[in-house]
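Heads up: the structure comes next, in structure tokens.
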There are 2 protein chains.
Amino acid sequence: MTYSIKEVSEKVGLSIYTLRFYDKQGLLPFVARNQVGYREFTDGDLNIIHTICCLKDTGMKINDIREYVNDIMAGPTTIAHRQQLLSEHRAEVLTKQQKIADNLREIDYKLEMYEADDSFEQVSREIQFASREKEQNHLENPYKITNKS
Amino acid sequence: MTYSIKEVSEKVGLSIYTLRFYDKQGLLPFVARNQVGYREFTDGDLNIIHTICCLKDTGMKINDIREYVNDIMAGPTTIAHRQQLLSEHRAEVLTKQQKIADNLREIDYKLEMYEADDSFEQVSREIQFASREKEQNHLENPYKITNKS
DNA sequence: ATAAACCCTAGATAATACTCTAGGGAAAGC
DNA sequence: GCTTTCCCTAGAGTATTATCTAGGGTTTAT
């Protein structure tokens with residue numbers, strides 16, 4: 001059982017363009033061709049593509065993914081290197097996760113302000129503070145609404 | 001107290017180039033200029049830039065950030081729109097967080113395999129399975145090491 | 001045997017977000 | 001006053017990832 005590029009595209013959620021692009025970039029060296037040059041994907045290929053998507057969706061660069069794929073192609077002697085690549089990447093993902101969580105808390109804080117009963121007053125105070133700061137520094141006031149000096 | 005572009009660059013961790021680029025893109029309409037055209041940043045400006053970084057670092061596109069900044073400039077009448085922008089973005093961030101967490105679990109799974117005592121055997125079995133699959137489908141075997149048919 | 005749906009490559013184009021260069025003026029220290 | 005360091009703009013260049021076009025062959029169904 002093998003799959004055409006279109007079937008794979010539907011299965012993994014990458015466009016046909018992207019699959020061909022990945023192949024061009026050396027991410028799919030394991031994909032075989034039939035006699036007229038069409039790609040034929042096996043289930044094993046799909047597994048690796050799935051891993052590629054995991055790495056890509058956590059922000060790994062194509063060049064690094066290629067390195068990992070090349071390790072896969074080279075067999076079990078590259079296990080140490082794969083481990084190194086993945087654990088470095090893992091650390092980066094954890095850092096990014098933390099950063100996103102922190103930023104999300106700030107966004108939530110803003111949202112709470114906008115959802116508050118006195119949001120109008122809070123926002124007005126904010127803008128008036130910023131306006132006053134501009135004036136105190138003899139700078140042009142860029143805010144539209146300063147009905148209060 | 002105001003800050004030069006260089007000081008702001010150091011404070012917020014964006015390059016001077018990036019700050020000027022953001023200004024060009026309409027993300028910093030609140031930044032005033034002195035008499036010779038130099039940018040002068042206030043503390044209030046830094047606060048907004050910090051928010052911009054939060055949005056950028058959670059993946060918001062510059063065009064959307066500009067919309068949000070324009071809402072800030074327009075005063076409290078835009079609260080409903082700001083709320084809409086942020087809560088839509090918040091939902092996207094949550095989705096992305098979930099996806100990253102899922103992918104991370106798969107990466108951890110791979111790492112566990114590589115760290116196992118019998119990793120060599122596991123990986124060998126994997127590659128032999130893939131090789132056999134290729135052969136069964138009469139496809140070229142792209143794997144280097146198939147010392148076992 | 002012919003239309004419709006697929007597949008291929010090479011290379012152009014796009015979107016996004018910077019990053020740098022050239023050319024020129026301003027400010028601060030000595 | 002002069003050197004160093006800073007600031008400015010406009011526009012060119014880069015990096016990354018993805019998408020599309022042109023030109024051409026293949027497969028399937030009727």
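As a whole-Å value, the separation of D23(A) CG from dA10(C) P is 11 Å. Distance Q25(B) CD to dT19(C) P: 13 Å, rounded to the nearest Å. Nucleotide dG13(D) holds its C1' atom 12 Å from the NZ atom of K24(B), rounded to whole Å. Protein atom CG of L14(A) is 13 Å distant from nucleotide atom P of dT17(D), rounded to whole Å. Atoms CG (L19(A)) and C1' (dC7(C)) sit 13 Å apart, rounded to a whole Å. In this structure, E40(B) atom CD and dA27(C) atom C1' are separated by 13 Å, rounded to whole Å. What separates CE of M60(B) from P of dT16(C) is a distance of 14 Å, to the nearest Å. Put simply, CZ on F41(A) is 12 Å from C1' on dC8(C), counting in whole angstrom units.
Annotation: D117(B), atom CG; neighbour count of heavy atoms from other residues, nucleotides and ligands within 6.0 Å does not exceed 12.
Closest to the side chain of S4(A), from the set dT27(D), dC8(C), dC7(C), is dC7(C). Nearest nucleotide to the side chain of Y22(B), out of dC8(D), dT27(D), dC18(C): dC18(C). The listed nucleotides are dT9(C), dC18(C), dA10(D); the one nearest the side chain of F21(B) is dC18(C). Among dT19(D), dC7(C), dC7(D), the nucleotide with an atom closest to any side-chain atom of I16(B) is dC7(D). Between dC6(D), dT26(D), dA17(C), one nucleotide has an atom nearer to the side chain of Y38(B) than all others, and that is dC6(D). Of all nucleotides listed (dT19(C), dT21(D), dC8(C)), dT21(D) comes nearest to the side chain of Y17(A).
The residue among N34(B) and G59(B) whose nearest nucleotide of DNA chain C lies closer to the 5′ end is G59(B). A residue-by-residue look at R33(B) and K6(B) shows that K6(B) has its nearest nucleotide of DNA chain D further toward the 5' end.
Using a 4.0 Å heavy-atom distance criterion, R20(B) is classed as a base contact. K61(B) comes within contact range of the sugar-phosphate backbone alone, with a heavy-atom separation under 4.0 Å but no base atom that close.
Judged purely by atom type and a 3.5 angstrom limit, K99(A) has no side-chain atom pairing as donor or acceptor with the backbone of C54(B).
Considering D23(B), N34(B), D45(B) in turn, D23(B) is the only one that fulfils the side-chain hydrogen bond (donor to acceptor under 3.5 Å, both in side chains) rule with R39(B).
For R39(A), no side-chain nitrogen or oxygen approaches OP1 or OP2 of dC7(C) to under 4.0 Å. Residue S15(A) places none of its side-chain N or O atoms closer than 4.0 Å to OP1 or OP2 of dA18(D).
Note on D102(B) versus R105(B): salt bridge recorded, some NZ/NE/NH1/NH2 to OD/OE distance being below 4.0 Å.
Counting all heavy atoms, side chain and backbone alike, Y22(A) lies closest to K56(A) at OH-CD, 2.7 Å.
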